[in-house]
Number of protein chains: 4
Amino acid sequence: MPENKQPKSPQKNPAARTKDPAAPPRNAVRRKGAVNAAPRRRGELLAVAAEVFAAQGYDATTVREIADAAGLLAGSLYYHFDSKESMLDEILSTFLGELWAGYDAVLAAGLGPRETIEALVTESFREIDRHRAAVAIYQKESRRLTDQPRFGYLADSQRRFEQAWLGTLERGVTAGVFRADLDVRLTYRFVRDTVWVAASWYRPGGQHSPEEIARQYLSMVLDGIATG
Amino acid sequence: MPENKQPKSPQKNPAARTKDPAAPPRNAVRRKGAVNAAPRRRGELLAVAAEVFAAQGYDATTVREIADAAGLLAGSLYYHFDSKESMLDEILSTFLGELWAGYDAVLAAGLGPRETIEALVTESFREIDRHRAAVAIYQKESRRLTDQPRFGYLADSQRRFEQAWLGTLERGVTAGVFRADLDVRLTYRFVRDTVWVAASWYRPGGQHSPEEIARQYLSMVLDGIATG
Amino acid sequence: MPENKQPKSPQKNPAARTKDPAAPPRNAVRRKGAVNAAPRRRGELLAVAAEVFAAQGYDATTVREIADAAGLLAGSLYYHFDSKESMLDEILSTFLGELWAGYDAVLAAGLGPRETIEALVTESFREIDRHRAAVAIYQKESRRLTDQPRFGYLADSQRRFEQAWLGTLERGVTAGVFRADLDVRLTYRFVRDTVWVAASWYRPGGQHSPEEIARQYLSMVLDGIATG
Amino acid sequence: MPENKQPKSPQKNPAARTKDPAAPPRNAVRRKGAVNAAPRRRGELLAVAAEVFAAQGYDATTVREIADAAGLLAGSLYYHFDSKESMLDEILSTFLGELWAGYDAVLAAGLGPRETIEALVTESFREIDRHRAAVAIYQKESRRLTDQPRFGYLADSQRRFEQAWLGTLERGVTAGVFRADLDVRLTYRFVRDTVWVAASWYRPGGQHSPEEIARQYLSMVLDGIATG
DNA sequence: AATGAATGAGGATTCATTCAT
DNA sequence: GATGAATGAATCCTCATTCAT
């Protein structure tokens with residue numbers, strides 16, 4: 001997942017193209033007002049699909065499994081979506097859209113490096129809480145999808161993500177807030193991964209709230225697990 | 001990946017059933033003496049298969065892609081292996097076998113909690129260095145495979161893995177070496193994930209040696225990234 | 001397309017069953033008074049359908065394409081028609097009905113062989129002018145449809161068509177108006193095809209009127225393209 | 001179908017790209033030496049497919065019908081061909097390749113206009129004799145395919161075809177061999193269509209040889225069917 | 001050891017059709 | 001008259017697997 005430093009710009013969000021409420025949906029031509037008329041059903045189906053994709057992996061999931069889980073026939077899904085891939089697309093782009101809304105707010109707040117990291121981590125766990133399935137899918141499928149033109153926004157997002165985190169870490173090192181003896185790039189990777197991998201075991205509504213997890217995680221990453 | 005505390009036991013290695021040199025290979029019926037005749041080719045093919053599986057995911061990989069990468073026709077692979085699944089099986093069990101050989105040595109050494117963690121992490125990065133593809137596959141496919149009887153050893157391994165890491169962390173807390181205010185289970189998950197996710201970006205022969213990466217990682221996890 | 005020699009007979013018109021204004025439409029059960037209520041809309045929709053069928057072929061045309069072209073949704077077509085096939089049926093039978101009305105008039109006029117041929121050709125080009133799409137569809141789909149019971153009238157029509165043309169040619173040979181050294185059957189085929197294939201390139205409202213084309217065509221067929 | 005006036009040139013034949021024996025077949029990547037190893041089977045299957053396409057139309061033909069007719073399972077066809085469409089492609093391009101070989105020979109012979117027309121017509125009926133199915137398919141599907149990039153060579157071929165025929169007719173008019181009072185373009189269309197539509201009723205091995213049919217046809221077209 | 005050809009069980013997708021509103 | 005949503009059968013195609021050579 002990417003990051004960005006620059007403040008709000010019109011086309012700032014790589015996924016915005018897709019989630020822009022004003023833009024017509026991908027398959028608007030085929031089913032003109034379908035989305036306007038019943039965005040609800042669409043959303044329900046996407047939630048179901050996301051759950052199944054997250055559990056089994058995109059390729060290992062058959063359209064029929066999604067349909068079964070949603071309570072209709074496989075062919076009926078094609079009334080709502082162009083293809084299995086377009087479901088994946090919409091799941092990911094919707095998630096990234098919301099993620100960047102949150103990130104951009106944090107990055108625009110003008111916080112210090114440590115506070116920025118804390119805010120980003122907290123925001124991340126909140127996103128995991130809201131979009132667990134999408135995050136898990138992102139984790140698993142991202143690498144392979146990045147090459148496909150259709151999913152170009154994944155690469156964009158990754159670039160911005162790196163800018164946001166790496167940049168903040170570097171600022172922190174310069175400011176003497178973070179240790180200078182660590183390889184920043186390596187640190188970035190560790191931090192990034194730890195945050196997002198949580199999606200693979202996190203269960204919303206469980207013992208820990210996202211904020212609680214974020215606090216524990218930050219405590220560990222910032223101060224270490226060793227005593228003294 | 002699992003853990004274990006108890007020293008070598010007869011059935012210690014969950015993957016032993018598969019890698020035990022004395023046991024006949026799964027597909028002995030079809031390829032009578034094939035394994036004896038050319039274990040080399042077999043290994044080469046498995047390496048190729050692992051690479052492709054890691055790059056594309058098991059389900060998204062076709063037998064023909066493996067064959068293409070290995071320079072023979074799809075059907076010819078079946079002279080060497082029973083099935084696509086048995087290639088996956090052999091890749092994972094071989095990896096786990098070697099992993100546990102290393103882990104068991106560490107766990108049997110009678111080190112203190114902190115030193116044990118350090119040794120486990122270092123050993124882990126060494127495994128990633130040697131079995132990058134297998135580790136990546138394990139990361140991606142593990143969850144789904146665990147349910148299948150054939151891959152029952154994955155669950156076993158996971159159990160032992162948890163015992164090893166969680167137990168060591170708890171021992172450390174008790175001994176006052178690790179902070180008591182952290183949720184041990186959460187800490188375990190963070191540590192576990194970060195280590196293994198590294199397989200997704202690690203490139204053998206790159207800038208950092210496994211030991212170097214382990215050192216940086218341990219420094220971060222043990223002492224935190226913040227100054228003071 | 002067929003022909004007939006005999007004058008008006010009760011069941012003369014093969015397509016009459018369908019177009020007979022007194023007979024209830026095929027799908028009377030479903031759309032009780034629909035036909036009475038809005039025969040206009042029905043005709044418009046059929047014209048649209050014919051155009052699309054002609055352009056893409058019956059099988060290659062989806063009901064949705066027709067609906068799109070007509071400005072309503074696919075399902076809505078079923079308020080007007082029983083099925084895609086019944087649209088095809090109605091298009092073809094309507095066309096054949098009108099065609100035979102014209103042909104029968106010519107054949108009943110008691111003209112000489114050459115004049116009969118001239119009149120039939122002219123009438124044919126007039127039909128092409130009025131029913132271009134239907135003729136094109138007939139050309140493309142006729143052969144395959146002939147076998148189906150529902151389209152039995154196509155075979156009837158073909159039979160009568162052959163009688164009309166072949167008979168006239170034979171009368172002409174006997175009368176010394178047409179050359180005796182030509183294979184009449186072969187000639188019939190050539191003449192028949194040339195006339196109707198014109199539907200594939202003819203564009204109503206273009207440079208040539210149907211009568212003009214008929215004249216040119218007759219000049220060529222009767223006198224040849226060579227000089228002297 | 002097109003024509004050309006210019007003598008043999010390297011890239012003269014629009015379909016050459018496809019039939020060039022030196023060029024690798026479309027799906028060479030997938031099944032390397034398949035074509036070299038067994039061009040026979042491939043040819044047999046194409047012949048079967050052509051027959052079914054001709055009888056039912058491309059769209060109305062299912063892959064299973066072809067397979068049934070060829071005595072194997074539907075999926076097995078995909079060992080030999082990439083897709084149903086690629087079968088169509090190969091059928092048409094092979095046919096056009098041979099057609100143009102014949103036409104080019106005629107056009108390069110330096111005959112007078114009347115003799116050229118005679119030779120072209122005769123050659124055409126020979127092609128119909130040899131490739132009846134392909135010609136029938138060409139007739140039915142050509143128009144719709146022309147738009148697709150993959151079948152761009154159909155448009156090329158049509159252009160050259162028009163050049164050859166129209167040009168020859170015009171030469172004949174100028175030379176006083178053909179009547180000047182006929183619309184050349186209209187004449188071209190009539191002649192073109194009649195020749196090729198013959199494929200829809202012609203049965204190889206029937207009463208008439210291609211040469212016999214050509215003679216009758218030429219006699220009719222050149223001198224007319226009327227006496228005196 | 002490897003090939004070429006085939007199998008057969010799915011899998012994604014299309015599409016004519018239905019029907020409650 | 002028309003819509004939105006769904007059905008279910010069929011279609012093209014993929015792919016792991018088999019096997020004679």
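The sequence lines fix the lettering, A, B, ..., with proteins before strands; numbering per chain opens at 1. Treat the numbers as computed from the prediction; the structure is a model and nothing was measured.
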Within the distance-only criterion (no hydrogens, no angle test), does the side chain of B/Ser142 pair as donor or acceptor with the backbone N or O of B/Gln139 below 3.5 angstrom?
-> no

In whole angstroms, the gap separating C1' of F/dC15 from CG of D/Asp82 amounts to 15 Å

To the nearest angstrom, the CD1-C1' distance between B/Ile66 and E/dA2 comes to 17 Å

Quiz item: Would A/Asp59 and A/Lys84 pass as an ion pair if we require N to O under 4.0 Å?
Solution: no

Taken in chain and number order and not counting sequence neighbours, the residues that satisfy side-chain contact (heavy atoms from CB on, under 4.5 Å) with C/Ala69 are C/Val48, C/Val52

Practice problem: Check whether any side-chain nitrogen or oxygen of A/His80 sits under 4.0 Å from OP1 or OP2 of F/dG4, and answer yes or no. | Solution: no

Donor-acceptor list for residues 61-68 of chain A side chains, cut-off 3.5 Å, not counting sequence neighbours:
{"residue": "A/Thr61", "atom": "OG1", "partner": "A/Gly57", "partner atom": "O", "Å": "2.7"}
{"residue": "A/Thr62", "atom": "OG1", "partner": "A/Arg64", "partner atom": "N", "Å": "3.4"}
{"residue": "A/Thr62", "atom": "OG1", "partner": "A/Glu65", "partner atom": "N", "Å": "3.0"}
{"residue": "A/Glu65", "atom": "OE1", "partner": "A/Thr62", "partner atom": "N", "Å": "2.9"}

With sequence neighbours left out, the residues meeting side-chain hydrogen bond (donor to acceptor under 3.5 Å, both in side chains) with C/Glu85 are C/Gln148, C/Arg150

Those residues at least two apart in sequence (or on a different chain) that pass side-chain hydrogen bond (donor to acceptor under 3.5 Å, both in side chains) with C/Gln56 are none

Intra- and inter-strand pairing of DNA chain F, written as dot-bracket with Watson-Crick and G-U pairs under 3.5 Å and | for the latter, reads .||||||||||||||||||||

Atom CG of A/Leu72 and atom P of E/dT18 are separated, to the nearest Å, by 20 Å

- Quick one: is F/dG4 close enough that its OP1 or OP2 comes under 4.0 Å of any side-chain N or O from A/Arg41? no

For C/Phe151, the ring pair (Phe, Tyr, Trp, His ring centres under 6.0 Å) test, sequence neighbours excluded, returns none

Applied to residues 43-57 of chain D, the salt bridge (charged side-chain N to carboxylate O under 4.0 Å, His left out) test, sequence neighbours excluded, yields D/Arg41-D/Glu44, D/Glu51-D/Arg132

note: B/Leu88, atom CG; F/dT17, atom P; distance rounded to Å ~ 12 Å

Between CD of B/Gln56 and P of F/dT14 the distance, given in whole Å, is 16 Å

Of C/Leu77 and A/Ala74, the one whose nearest nucleotide on DNA chain F sits closer to the 5' end is C/Leu77

From OH of C/Tyr79 across to P of F/dA2 the rounded distance in Å is 8 Å

Dump every N/O contact between nucleotides 8-12 of chain F and the protein below 3.5 Å, one line per pair.
{"residue": "F/dC12", "atom": "OP1", "partner": "D/Thr61", "partner atom": "O", "Å": "3.2"}
{"residue": "F/dC12", "atom": "OP1", "partner": "D/Val63", "partner atom": "N", "Å": "3.4"}
{"residue": "F/dC12", "atom": "OP1", "partner": "D/Lys84", "partner atom": "NZ", "Å": "3.2"}
{"residue": "F/dC12", "atom": "OP2", "partner": "D/Val63", "partner atom": "N", "Å": "3.0"}

For residues 54-76 of chain A, the ring-ring contact (aromatic ring centres under 6.0 Å, His included) pairs (sequence neighbours left out) are A/Phe53-A/Tyr58

C/Phe81 CZ to E/dT18 C1', in whole Å, measures 17 Å

